[in-house]
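This report concerns only the one structure given below.
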Amino acid sequence: MTELKNLVKSLLEEGKVTKVIGYRMYGENNTKPYIAVTPNDAEEMVLNTDCRNNLSVYLTKKEIINGGKTGIVAKGCDIRNIIALIQENRIKEEDILIISAECKGVGAEKGSAVYANKCVNCSVKTPHLYHELVEMKGSELSQPKDKYTEAKEKVLAMNSGERFEYFSNMFSECIKCYACRQACPMCYCEQCIADMSIPRWIESSATDRGNLSWNMIRAFHLSGRCTGCNECERACPAEIPLSFINKLMYDTAKEEFNYESGMNKETPTLIGSYNTKDNDNFIQ
Amino acid sequence: MENIYKPYLMEIAEIIPETKDTATFKLKFKDPEIASVFNFKAGQFAEYSVFGEGECTFCIASSPTRMEYIECSFKEAGKVTAALNRMNVGETIGFRGPYGNYFPVEEMKGSNVVFISGGIGLAPVRCVIDNVLDLRDEFKDITIIYGARSVQDLVYKNLLDEWQKRSDVKTIVTVDPGGETPDWKGEIGFVPTVVEKASLKAENTFAIICGPPIMIKYTMPVLLKLGFEESKIITTLENRMKCGFGKCGRCNIGNVYVCKDGPVFTYEQMKALPEEY
Amino acid sequence: MEEKRITKENLIKLGSNWVNDGMNVYVNNGKKYTLMKLHEEDLKGFEEAPPLMSYKEIVFPKTEPILYYKKSQKEVEIIEPKIGGVKNIVIGAKPCDAKSISIMSKVFNWDYKDSFFNVRAEESVIIGMACKYNDEHCFCTSVGISPVSTDGSDLFLIPLANDNFGVRIISDKGKELISKYESYFTNGDSEESENVLSSIPIPEKKFNAENVKSWLDKNFESEFWNTTAEMCLGCSQCAFVCPVCHCFDIVDEDYSFTEGRRMKNWDACQNGLFTKHASGHNPRDKQPKRYRQRVSHKFKYYKDKFDEYLCTGCGRCSRGCPAGIDIGEIVERIDKLTN
Amino acid sequence: MQTEKKTVNQFEPKVIAFVCNWCTYTGADLAGTSRIKYQPNVKLIKLPCTGRIDPVFIIKAFEKGADGVLVSGCHPGDCHYNAGNYHARRRWIMFRKMLETMGIDSNRLHFSWVSASEGKKFTEVVNDLINKVRAAGPFKSYEKINKEYVIND
């Protein structure tokens with residue numbers, strides 16, 4: 001297996017890619033996204049258990065993806081997003097070169113001793129679409145507490161009025177910065193429905209009503225598309241547990257359609273396709 | 001508590017459709033007390049609001065020498081202008097202002113004045129034209145050059161006629177080539193070309209220019225070639241605004257706030273600004 | 001300077017007392033400035049990082065109505081909202097946060113005076129606290145604040161041994177606030193406090209802000225901007241968590257065809273729609289331009305206009321940035337360019 | 001007498017129906033021309049196809065005070081645009097589940113297939129929904145958060 005730095009260096013030298021989106025160190029126990037353009041830039045590339053970012057979000061930015069083949073360092077979970085983007089015809093596989101590794105999981109936050117929540121029950125530690133393979137560095141961490149199942153049970157035990165209250169309280173913290181949208185690799189619309197003003201579908205004020213409809217629509221627009229990378233939650237300055245509602249929708253897609261996004265680039269997307277035998281029992 | 005965001009209420013007294021997507025509103029203050037004390041200077045702008053839709057910014061198009069009505073002209077572009085376009089005579093809108101600086105009408109006294117404008121850009125120029133014409137004796141030669149894409153796109157047609165009839169004003173109206181109708185009697189050609197041919201005297205002359213960015217871009221060199229002083233070429237800038245008084249932080253060009261330090265700038269001032277408008 | 005002493009237990013009790021009196025009390029619990037409920041919150045934050053969000057919300061809410069309207073076919077009635085009347089108290093404000101109100105007050109009182117801000121600022125009492133935290137994102141000393149500065153605080157807490165606090169009375173507002181509650185305090189020992197304060201290491205300046213400004217004066221157009229924020233996602237969290245970012249949006253919201261309100265909402269320059277005209281033209285159409293605006297506003301424009309840096313060096317924006325962009329690091333790089 | 005008095009004070013639900021132009025709307029027309037009565041609490045909004053019914057419409061309807069929402073279109077296989085209703089159905093499965101989890105009772109949101117010839121079925125569907133909503137009472141969840149939009153001095 002080649003060393004990441006050497007690999008990136010040779011890819012750039014040989015002109016196989018024009019740039020590589022990867023990670024570099026950012027203080028101790030932390031990394032940040034980075035674009036290597038010249039072979040010398042490759043020196044700073046790292047891939048370790050502190051590489052929390054999902055870099056596939058940069059593949060949705062025209063300024064970055066345009067202008068030649070783009071290399072990208074991606075963990076298994078990030079590859080799911082890349083596949084989902086390919087499934088949705090957002091990017092073409094031939095335009096990118098995926099550098100991946102057998103994933104060791106990433107830490108929850110800087111200096112954390114536990115894995116991030118997204119690493120729990122991860123099914124793609126072994127990458128499922130890649131062009132080059134390298135080694136991921138880092139030591140083993142411990143498993144985090146499973147907050148999701150607990151919260152899900154709590155919500156399912158509530159009646160509808162209580163649930164509404166629960167979620168409107170949860171989202172009342174929202175400050176409408178839309179960081180969740182910007183950090184999400186699947187939120188690539190040219191114009192988001194939240195920014196549309198004629199008519200104004202989603203009120204832009206961070207009031208309970210506007211917050212609730214924004215978060216409902218965000219979750220719905222990602223249902224069947226979200227791969228559970230939790231970038232939204234990581235970006236959220238108000239610390240709203242966005243992954244909870246995302247995961248609920250993820251589970252629904254799995255239960256109803258046995259569909260998981262970003263697993264196979266040949267599968268049509270969930271919402272973009274249909275089956276005449278889809279469940280009909282709730283329709284009068 | 002004084003609420004600086006609270007608009008005055010104004011009644012739409014008259015709606016004059018100008019072109020397909022532009023209209024002029026004549027507005028009257030609901031509160032006669034405010035009407036009696038309200039004052040502004042040529043070139044200032046205001047925030048007009050449709051309740052339930054929002055606020056938008058444009059200049060006061062009428063002259064401060066004619067205070068019977070406040071007039072505004074706008075082109076349908078976004079949410080609020082579209083809502084304004086749906087309104088009828090007698091309905092109420094909000095009005096916040098006046099804000100910003102103004103054209104140096106006092107300073108211009110005793111000089112020649114050339115007005116150059118294109119499209120809906122005539123609106124901010126018109127208030128100065130009216131202002132100057134009402135004080136006609138205090139100015140020397142006055143020239144008005146106005147151009148639009150086509151005959152249908154000309155605004156203030158009545159005023160144009162009025163100005164053309166006056167002997168103490170030289171008025172040139174032009175349309176872009178291809179925009180003329182068979183019975184069009186004015187000039188045909190782009191504004192910069194017309195300006196070049198208009199035999200303007202640059203000495204002791206103020207040029208007031210307003211219109212689409214592309215027109216300004218090509219007219220400026222012409223004016224400079226003709227020998228106009230940079231400090232006497234005056235234009236207005238616009239940027240997206242929300243508050244109108246230097247709080248909301250979006251209209252700045254470098255450290256100049258268009259809403260406070262503008263919207264009227266001389267070419268000399270404009271040259272010093274970073275290119276971010 | 002007058003100094004008193006209070007135990008942590010008494011301070012929390014005092015806070016509860018204020019809550020009982022109908023005031024909004026925010027406590028720095030080490031993670032957040034939380035609205036205090038009776039006896040529940042713990043006061044932390046001496047050694048912790050600045051809370052994720054600043055408390056600028058008490059003077060400049062994330063969303064607030066500026067007017068209500070009722071309309072009929074032809075008539076409109078404007079109803080003004082009632083604001084104020086509730087005292088806001090922040091216990092344990094970081095020195096970098098404490099300065100925020102006085103910095104923002106300049107823009108909100110420039111020419112036109114924004115009463116929404118002023119009424120709230122007048123009714124806020126900031127109880128600052130010395131700070132022992134310092135990480136790679138902190139740079140308060142570079143913008144003229146220090147971990148022990150009392151600027152902007154009305155009262156200032158100094159953590160002493162055994163869960164005691166030295167309380168310095170900085171302003172009349174602070175003095176008035178505690179005047180009714182003398183029994184919670186004992187006499188202070190300024191020497192002991194002074195020892196604690198002098199034991200707090202003052203971080204070295206990371207950059208010279210004046211140099212940065214003079215570089216910004218000359219380099220509006222520079223290659224530098226294209227390479228600084230290329231990883232920026234435009235998520236605006238930096239502006240929303242910032243204690244001094246004050247840009248806002250004004251929008252109307254209807255409740256029905258005849259009733260509704262006009263809102264003043266937080267907005268951010270990193271958002272692409274921030275400067276987009278209705279015509280579609282956008283003066284800041286690319287992320288580098290927006291990032292340039294952010295840095296220039298903080299270190300040049302505000303300084304030019306109001307003689308104050310629009311930054312308190314709290315480092316929140318950098319700590320929370322999902323793309324790992326650190327404004328301190330960028331400004332440091334600018335400073336190095338000037339040498 | 002007593003029952004009559006009760007009906008006067010009874011809560012009258014507001015129901016919004018998003019219907020497709022080709023089937024349900026025509027079906028509703030048929031109900032009208034056939035003079036089949038249904039309760040007047042429903043307001044119809046016609047859209048080209050069920051595939052055009054964006055879930056944001058439904059959220060907006062609840063937000064603005066609807067007590068119940070009906071979404072109705074062509075039977076599977078009958079779509080004027082071939083597959084609009086199949087796509088819509090998939091979306092609804094996800095959306096319904098989401099609203100249910102977030103506390104919008106599924107009694108308030110109905111889906112149905114009503115063809116152009118099913119005027120009778122349309123009235124049944126509408127009456128059924130209105131009765132259910134009436135039994136469930138007014139939709140209070142949004143009421144609390146909507147209150148702040150108006151000020152009374």
Side-chain angles (χ1 to χ4, degrees), chain B residues 1-12 30 47 49-57 74-83 88-94 99 212-213 238-257 260-261 273-277, chain C residues 66-67 69-71 73-78 80-84 107-108 110-119 220-221 245-254 257-260 262 264 267 269 274-284 289 292-293 296-297 300-305:
Chain B
M1 184 193 87
E2 198 209 339
N3 184 350
I4 48 174
Y5 302 98
K6 185 183 170 185
Y8 303 124
L9 295 178
M10 287 194 120
E11 187 184 318
I12 302 172
K30 284 264 185 187
E47 295 285 337
S49 54
V50 181
F51 293 92
E53 302 286 344
E55 291 188 306
C56 61
T57 317
F74 59 90
K75 184 180 171 126
E76 185 172 332
K79 186 184 170 82
V80 184
T81 42
N88 299 313
V89 172
E91 289 186 58
T92 306
I93 67 167
Y99 300 128
E238 57 174 30
N239 248 351
R240 185 165 188 195
M241 289 176 199
K242 284 288 178 179
C243 65
F245 38 63
K247 309 263 180 274
C248 76
R250 69 191 66 216
C251 69
N252 69 307
I253 301 169
N255 52 11
V256 167
Y257 277 73
K260 293 281 302 164
D261 308 310
L273 294 179
E275 248 186 80
E276 200 177 52
Y277 47 84
Chain C
I66 47 179
L67 58 90
Y69 66 83
K70 284 184 181 163
K71 59 178 181 182
Q73 191 65 38
K74 296 206 162 158
E75 298 299 321
V76 174
E77 185 197 351
I78 294 176
E80 292 197 56
K82 294 173 197 77
I83 60 156
V107 70
F108 283 115
W110 172 45
D111 199 354
Y112 287 81
K113 296 193 171 27
D114 189 329
S115 325
F116 290 94
F117 176 88
N118 288 341
V119 167
F220 187 82
E221 297 293 345
C245 268
H246 56 262
C247 293
F248 59 85
D249 189 8
I250 296 176
V251 291
D252 279 23
E253 270 172 9
D254 54 347
F257 284 117
T258 54
E259 285 169 291
R262 184 161 293 164
K264 179 175 151 194
D267 205 345
C269 54
F274 188 66
T275 50
K276 195 175 177 190
H277 297 188
S279 65
H281 171 66
N282 193 349
R284 293 183 212 130
K289 289 187 184 173
R292 172 176 66 195
Q293 163 69 15
S296 307
H297 196 190
K300 171 173 154 56
Y301 306 155
Y302 211 76
K303 181 78 180 164
D304 279 341
K305 274 211 138 62

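Lettering of chains follows the sequences in order, A, B, ..., and the numbering in each one begins at 1. Note that these values count all heavy atoms, side chains included, but never hydrogens, waters or copies made by symmetry.
- With a 4.5 angstrom heavy-atom cutoff, C:Y69 touches chain B only via side-chain atoms.
- For the pair B:N252/C:K305, no side-chain contact is recorded, criterion being any heavy-atom separation below 4.5 Å from C-beta on.
- Of the two parts of C:V119, only the side chain, counted from C-beta on, holds a non-hydrogen atom closer than 4.5 Å to a non-hydrogen atom of chain B.
- B:T57 pairs in a side-chain contact (heavy atoms from CB on, under 4.5 Å) with only one of the listed residues (B:E238, B:R240, B:M241, B:K242), which is B:M241.
- Both the backbone and the side chain of B:E2 come within less than 4.5 Å of a heavy atom in chain C.
- With no hydrogens or angles considered, no side-chain donor-acceptor pair links B:T92 and B:E11 at under 3.5 Å.
- Highest contact tally toward chain B, considering only C:Q73, C:K289, C:K276, is held by C:K276 [criterion: heavy-atom pairs under 4.5 Å].
- Your options are C:K71, C:E253, C:R284, and the one with the most heavy-atom pairs under 4.5 Å with chain B is C:R284.
- For chain C, no part of B:K75 is nearby; none of its heavy atoms comes within less than 4.5 Å.
- When heavy atoms are compared at a cutoff of 4.5 Å, C:S296 does not approach chain B at all.
- Of the atoms belonging to B:N88, not a single heavy atom falls under 4.5 Å from chain C.
- Contacts between C:E75 and chain B at a heavy-atom distance below 4.5 Å involve backbone atoms as well as side-chain atoms.
- No part of B:P213 comes within reach of chain C, as not one of its non-hydrogen atoms sits under 4.5 angstrom from that chain.
- Across C:E80 and B:N3, no two heavy atoms sit closer than the pair OE1-CB, 3.0 Å.
- Residues B:G54 and C:R262 approach most closely at O-NH2, 4.2 Å, considering heavy atoms.
- The part of B:K260 that comes within reach of chain C is its side chain, from C-beta onward, which places non-hydrogen atoms under 4.5 angstrom from that chain.
- Counting heavy atoms from C-beta on, the side chains of B:P7 and C:I78 come closer than 4.5 Å.
- Heavy-atom distances place no part of C:N118 under 4.5 Å from chain B, backbone and side chain included.
- A centroid separation of 6.0 Å or more is found between the aromatic rings of C:Y112 and B:Y5.
- Comparing C:H297, C:R292, C:Q293 by heavy-atom pairs within less than 4.5 Å of chain B, the highest count is held by C:Q293.
- Most heavy-atom pairs under 4.5 Å with chain C: of the set B:G78, B:G94, B:S49, this distinction falls to B:S49.
- B:C243 touches chain C through backbone and side chain together, each having a heavy atom under 4.5 Å away.
- With chain B as partner, the option from C:D254, C:T258, C:D304 having the largest number of non-hydrogen pairs under 4.5 angstrom is C:D304.
- The contact between C:F274 and chain B is made by backbone and side chain atoms together, counting heavy-atom distances below 4.5 Å.
- When the candidates C:I83, C:D249, C:V251 are compared by the number of heavy-atom contacts under 4.5 Å with chain B, C:D249 comes out ahead.
- With a 4.5 Å cut-off on side-chain heavy atoms, B:I253 and B:P274 count as touching.
- C:Y302 is listed as a side-chain neighbour of C:V107, based on a closest heavy-atom distance under 4.5 Å.
- Within a 6.0 Å radius of NZ in C:K113, other residues, nucleotides and ligands contribute more than 12 heavy atoms.
- If you tally non-hydrogen atom pairs under 4.5 Å between each of B:C248, B:G249, B:A77, B:C251 and chain C, the highest count goes to B:C248.
- Proximity of a side-chain donor or acceptor of C:D252 to a complementary backbone N or O of B:G52 within less than 3.5 Å is detected.
- In B:Y8, the OH atom is not crowded: 12 or fewer heavy atoms of neighbouring residues, nucleotides or ligands sit closer than 6.0 Å.
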